[in-house]
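Since this is a predicted model, take the numbers as computed values, not measurements. In each ligand, atom 1 is the first atom listed, and ligand 1 is the first ligand listed. The analysis underlying the following values was restricted to heavy atoms, covering all of them including side chains, and did not include hydrogens, waters or symmetry mates. For reference, positions follow the sequence shown, starting with 1.
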Amino acid sequence: MQEIVKKKEIKGLLFDLDGVIVDTAKYHYLAWKKLADDMGIPFTTGNNERLKGVSRKRSLEIILEIGNLSLSEEEKEKNCEKKNALYLTYIKQLTEEEVLPGVRKFLTEARAKGYKIALGSASRNAVLILDRLGIKELFDEIIDGNAVSKAKPDPEVFIMGAKSLKVPYDNCIVFEDAAAGIEAAHNAGMFAVGIGSSENLPQADLLLPGLNNITIEEICKRLQEVRK
Ligand code: BG6
Ligand code: MG
């Protein structure tokens, strides 16, 4: 990988949504918590960490595992719908102020510099969320949970993103807050910038606390240094 950053120019930037662009984990938590309470399953904010980057159905299955409960496929489907209806009540109230610090500036500047930008998210609510945040126009392409059939760490979402941007995989950087997303980026042959801590994202090529006060050039430079 180290040769790639030196020889090849980065042209495509692929962003996860939840946890990178906006903190929706707290709303996912509130919605799942209500469902868990109704089923008598103890569900904590600590447990919620396990749901980051995980699909809606898999999230429910993890909660059922915590409660040692099993449900039919039909019941699972109903519960997922119930959870989403509740989640949407929070999402519909999202405001533009909830874009995480520095994200709007980072995206605007990177676009002006000619980088191609795509969203690569497991969420089926991605378009609604970007609309609420007023940043949908900052993305050239949106690949979300409605477009993909395989969950991260499968690289499908990022491969589709790079293809739609018409940028070779090894000219892309992925920004991710979930370990499964870092793995998906690497499985696609892309650089992975982790948003979070080394404890949660030990495999990231570079770690950042967020996208505040940093430029894309600085990130490319740091990736080079890390890989020397
Ligand atoms: C991911 C979140 O981005 O999207 C997960 O990190 C969530 O927690 C998944 O379960 C699916 O989201 P949605 O909005 O389709 O239920
Ligand atoms: Mg995420």
Side-chain angles (χ1 to χ4, degrees), residues 13-36 43-66 76-94 98-100 103 118-133 135-136 139 142-158 160-161 173-186 188 190 192-197 200-201 203-204 207-211:
L13 309 179
L14 306 171
F15 291 84
D16 172 48
L17 175 68
D18 297 311
V20 172
I21 288 178
V22 58
D23 177 19
T24 39
K26 58 189 176 206
Y27 302 127
H28 280 296
Y29 172 72
L30 290 172
W32 282 128
K33 173 79 180 145
K34 169 81 175 73
L35 242 82
F43 182 61
T44 64
T45 49
N47 297 142
N48 196 49
E49 286 302 304
R50 291 177 60 192
L51 309 189
K52 288 188 178 171
V54 168
S55 74
R56 198 180 302 168
K57 187 174 175 205
R58 182 64 200 132
S59 298
L60 173 64
E61 287 167 353
I62 291 172
I63 293 169
L64 292 173
E65 277 165 31
I66 294 168
K76 281 187 199 170
E77 190 55 41
K78 270 193 202 149
N79 277 284
C80 281
E81 276 169 26
K82 213 161 129 189
K83 181 266 173 177
N84 198 50
L86 200 51
Y87 179 62
L88 285 177
T89 63
Y90 297 110
I91 293 310
K92 284 180 181 158
Q93 291 174 47
L94 267 181
E98 288 182 76
V99 180
L100 285 171
V103 168
L119 189 86
S121 167
S123 174
R124 288 196 249 158
N125 296 301
V127 172
L128 172 66
I129 293 172
L130 293 180
D131 253 339
R132 293 292 316 161
L133 298 174
I135 56 170
K136 199 168 99 195
F139 291 84
I142 293 171
I143 312 295
D144 65 10
N146 300 299
V148 296
S149 56
K150 296 176 202 135
K152 300 168 188 175
D154 190 283
E156 184 186 26
V157 67
F158 296 132
M160 285 177 80
I173 298 177
V174 167
F175 296 84
E176 256 293 348
D177 73 315
I182 299 286
E183 211 183 319
H186 286 159
M190 299 173 184
V193 172
I195 304 294
S197 67
N200 296 334
L201 306 172
Q203 305 301 332
L207 272 171
L208 296 175
L211 291 169

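- For atom 7 (C) of ligand 1, the closest non-hydrogen atom of the protein is V54 O, 3.1 Å.
- Interface of Y87 with ligand 1, defined as ligand atoms under 4.0 Å from a residue heavy atom, comprises 14 (O).
- For N84, no nitrogen or oxygen atom sits less than 3.5 Å from a nitrogen or oxygen atom of ligand 1, counting backbone and side chain alike.
- Two residues are said to be in side-chain contact when any heavy atoms from C-beta on lie closer than 4.5 Å; Q203 and E183 fail this criterion.
- Annotation: atom 15 (O) of ligand 1 to nearest protein heavy atom, R124 N, 2.7 Å.
- Note: no N/O pair closer than 3.5 Å links K52 and ligand 1 by distance alone.
- Given atom 6 (O) of ligand 1, the protein heavy atom at minimum distance is G53 N, 2.7 Å.
- For ligand 1, the atoms sitting less than 4.0 Å from at least one non-hydrogen atom of S59 are 10 (O), numbered in the order shown with element in parentheses.
- Among protein heavy atoms, atom 12 (O) of ligand 1 sits closest to S123 CA, 3.5 Å.
- Note on D18: its N/O/S atom closest to the Mg ion (ligand 2) is O.
- Summary: OD2 is the N/O/S atom of D16 found nearest to the Mg ion (ligand 2).
- At a cut-off of 2.8 Å, E176 does not coordinate the Mg ion (ligand 2) through any N, O or S atom.
- Of all heavy-atom pairs spanning I142 and V127, the tightest one is CG2-CG2, 4.1 Å.
- In this structure, the protein non-hydrogen atom closest to atom 8 (O) of ligand 1 is L51 O, 2.9 Å.
- You'll find the side chain of V157 stays beyond 4.5 Å of the side chain of D16, heavy atoms only.
- Closest heavy-atom contact between L119 and A126: CD2-CB, 3.7 Å.
- Distances between N or O atoms of D18 and those of ligand 1 include at least one value under 3.5 Å.
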Does the salt bridge (charged side-chain N to carboxylate O under 4.0 Å, His left out) test come out yes or no for R58 and E61, once each step is laid out? CA-CA 5 Å; R58 182 64 200 132; E61 287 167 353; 3.5 Å; yes
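- Relative ring orientation between Y90 and Y27 is described as parallel, the plane-to-plane angle staying below 30° on a 0-90° scale split at 30° and 60°.
- The protein heavy atom nearest to atom 16 (O) of ligand 1 is R56 NE, 2.8 Å.
- V148 and M160 get closest at one heavy-atom pair: CG1-SD, 3.9 Å.
- Heavy atoms of G145 stay at 4.0 angstrom or farther from ligand 1.
- The backbone of S55, and not its side chain, has at least one atom closer than 4.0 Å to an atom of ligand 1 (non-hydrogen atoms only; backbone = N, CA, C, O).
- Closest approach of W32 to S59, counting heavy atoms only: CZ2-CB, 3.5 Å.
- In terms of heavy atoms, G53 sits closest to A122 at O-CB, 4.4 Å.
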I would like to know whether T44 and N47 meet side-chain hydrogen bond (donor to acceptor under 3.5 Å, both in side chains); could you show each step before the answer? CA-CA 5 Å; T44 64; N47 297 142; 3.1 Å; yes
Take H28 and K52 through the test side-chain hydrogen bond (donor to acceptor under 3.5 Å, both in side chains) and record every step on the way to the result. CA-CA 9 Å; H28 280 296; K52 288 188 178 171; over 6 Å; no
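- D177 contributes OD1 as its N, O or S atom closest to the Mg ion (ligand 2).
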